[in-house]
There are 2 protein chains.
Amino acid sequence: MLKKKLIDTKKIEKKPKFEENSTGTTPLVDNLISLKDIIDCKNEFKESSNEKEWNFKIASWNINGLRAWIKKGGINYLEAEDPDIFCLQETKYDHSKIHELSTLSNYRCHWLASVRKGYAGVGIMSKTEPIRVEYGISDQEFDKEGRVMMAEYEKFYLINSYVPNAGAKLVRLNYRLKWSEVLRDYLNKLDQVKPVIWTGDLNVAHNRIDLKYPNSHLHSACFTIEERNSFSEILSDGYFDSFRYLYPSRSDAYTFYTHRKPTSRHTNSGWRLDYFVMSNKLKKNLVDHVIRPLITGSDHVPIVLYLNFE
Amino acid sequence: MLKKKLIDTKKIEKKPKFEENSTGTTPLVDNLISLKDIIDCKNEFKESSNEKEWNFKIASWNINGLRAWIKKGGINYLEAEDPDIFCLQETKYDHSKIHELSTLSNYRCHWLASVRKGYAGVGIMSKTEPIRVEYGISDQEFDKEGRVMMAEYEKFYLINSYVPNAGAKLVRLNYRLKWSEVLRDYLNKLDQVKPVIWTGDLNVAHNRIDLKYPNSHLHSACFTIEERNSFSEILSDGYFDSFRYLYPSRSDAYTFYTHRKPTSRHTNSGWRLDYFVMSNKLKKNLVDHVIRPLITGSDHVPIVLYLNFE
DNA sequence: CTTGGTATG
DNA sequence: CATAGCAAG
């Protein structure tokens with residue numbers, strides 16, 4: 001369970017969120033709870049009491065711009081979380097720029113950028129070099145925006161994706177649905193060889209329980225029936241949503257809080273848009289799925305998958 | 001003379017420049033000296049001892065973006081300076097936006113925007129409504145960029161201008177010289193009726209004394225011989241540079257410090273680009289010309305003209 | 001509201 | 001380095 005430190009909150013709330021503290025490190029959280037406290041706790045929402053030990057951890061985060069994320073202390077989170085693999089989406093990464101992640105010598109970094117600068121982009125950092133890295137899905141139409149990359153490991157394929165947003169007035173709904181179909185084929189092809197872990201910002205809240213105000217968003221991007229069905233169909237091919245599998249009735253568990261309503265975090269008006277989707281045959285390896293709603297630095301929050309491979 | 005307050009400077013230097021102080025007002029200065037101290041002093045560089053009383057004050061400032069300037073507390077400066085007329089350049093003002101200057105009920109505001117959004121733009125705020133306001137100089141070629149406006153008062157015409165920058169590699173030197181010729185005709189036409197006060201960011205350092213490193217900038221925008229001669233010729237039509245008239249040998253008096261070299265203010269590596277040019281017949285009304293190098297909030301600093309009209 | 005890239009100074 | 005506006009989310 002999270003424990004709040006007893007400090008003068010009024011003073012702290014006036015400080016800039018990421019101001020250096022006395023130790024010279026940036027907490028990347030609301031300052032009321034230390035980063036260590038957050039990482040140490042397994043899951044605030046623990047219902048299932050899965051007592052299996054984990055020995056492999058994957059984290060995923062839509063960081064909403066690599067440069068801003070680093071400035072806000074993102075690396076402190078990464079070092080505290082210390083996952084075996086870290087998947088990033090929306091890096092908006094421009095390959096012409098050197099960045100500080102290369103100095104984290106315990107991670108091997110692989111990046112995929114959009115043709116268009118400052119847009120989309122994904123990355124995978126892992127402690128052990130993957131067997132193979134694949135950029136895009138060999139589709140001329142859908143590989144321009146740097147939205148999917150795959151890293152092969154011994155026991156699974158890891159697919160890191162930033163699914164296209166259907167956009168204001170759903171102008172890109174059709175594009176997004178076609179994109180998902182292509183990705184679906186890609187996943188299924190891989191799954192025939194080795195089980196897959198599909199993670200990232202999937203830009204869909206699957207069911208009513210996955211967003212605060214379902215009724216207001218029946219026709220909004222990320223909650224149209226088309227997007228939800230598309231996701232259901234992919235799952236029906238032999239995968240499962242690891243968070244919902246572990247916590248079937250857990251409401252108020254979100255991974256995204258819009259910046260456009262500044263109160264969205266405070267009122268917990270969020271959406272669950274980020275997932276670890278796994279091949280059914282990996283069920284035996286699943287230990288836990290944790291959401292880190294207290295971590296700041298992006299409009300999304302990190303999600304963490306705890307696995308056991310013996 | 002400016003007096004420094006004895007406060008712990010180390011602590012203060014770490015603060016953001018425009019953080020609210022305990023009184024809830026924003027100082028808009030380095031925090032070492034209060035705004036009031038700065039305004040109260042007439043001129044740090046006082047050489048001529050002109051003991052005439054002043055009864056009319058005009059301030060001018062290239063504010064480098066109205067929105068940012070307001071956010072940084074520009075209105076605090078304006079209220080402390082309390083000029084009869086305030087001329088602004090580079091407002092980058094978009095008329096579609098309401099702004100807080102309208103709430104200063106003791107000033108009548110008149111604005112001229114560029115056709116192109118977020119570019120150039122000038123404004124005149126005055127305590128008494130001008131007899132007449134003229135926008136632009138009735139020249140099709142040169143009136144698109146919102147660089148000149150005139151306000152007529154009882155004793156003078158006030159011309160507020162933001163002279164075009166000759167640009168990197170002097171790409172716009174020719175445009176700028178033609179522009180100046182058109183303005184020259186405009187000034188002379190007005191001067192036949194009533195004396196003029198021509199102020200603003202004139203984007204020229206007239207002589208070697210008017211910038212820190214003349215030798216390095218013999219071919220830079222604002223110090224080419226063409227721009228300097230152009231300014232000399234306008235003056236020769238019957239005007240004078242009020243600061244240089246009062247302080248003929250004063251060096252190190254600048255009104256612009258580039259943001260590109262963050263040390264430029266600290267090392268006083270500046271340029272004098274902002275002027276009050278007056279018709280010769282107004283010499284008898286001139287009391288003082290003050291530069292406010294300690295005021296922050298823009299890459300330019302305010303200049304203030306003290307006049308006497310009996 | 002926030003991101004990054006842009007043009008301009 | 002710092003401004004505004006842009007497109008996107």
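In what follows, every chain begins at residue 1, and chains take the letters A, B, ... in the order their sequences are listed. Heavy-atom basis, side chains included; hydrogens, waters and symmetry copies ignored.
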Any side-chain donor paired with an acceptor under 3.5 Å for B:H206 and B:D241?
no
For the residue pair A:Y254 / A:R265, report whether a side-chain donor-acceptor contact shorter than 3.5 Å exists.
no
Is there a side-chain contact between [X] and the phosphate of [N], meaning an N or O under 4.0 Å from OP1 or OP2?
X	N	value
A:Y119	D:dG9	yes
B:K72	D:dT3	yes
A:R116	D:dA8	yes

Just how far, in rounded Å, is [atom2] of [N] from [atom1] of [X]?
X	N	atom1	atom2	result
A:N62	D:dA8	CG	C1'	12 Å
B:K71	C:dC1	NZ	P	11 Å
B:E145	C:dG9	CD	C1'	13 Å
B:D274	C:dG9	CG	P	15 Å
A:R147	D:dA8	CZ	P	11 Å
B:Q89	D:dT3	CD	P	17 Å
B:Y175	C:dT8	OH	C1'	14 Å
A:L66	D:dG9	CG	P	19 Å

With heavy atoms under 4.0 Å as the rule, sort B:Y162 into base, sugar-phosphate or nothing.
sugar-phosphate
When you measure from the side chain of B:T224 to the backbone N and O of B:E227, does any donor-acceptor pair fall under 3.5 Å?
yes
Pairwise side-chain contact, A:V122 with A:C87, heavy-atom cut-off 4.5 Å (strictly under):
no
B:V277 vs B:F231 side-chain heavy atoms within contact, under 4.5 Å:
yes
Closest nucleotide among [options] to the [X] side chain:
X	options	result
A:A68	C:dT3, D:dA8, D:dG9	C:dT3
B:E90	C:dG9, C:dT6, D:dT3	C:dG9
B:R260	C:dT8, D:dC1, D:dT3	D:dC1
A:H259	C:dT6, D:dC1, C:dC1	C:dC1
B:R67	D:dA4, C:dC1, D:dA2	D:dA4
A:K92	C:dG9, C:dG4, C:dT6	C:dG4

Please compare B:A168 and A:P262 by the position of their nearest nucleotide in DNA chain C and report the one closer to 5'.
A:P262
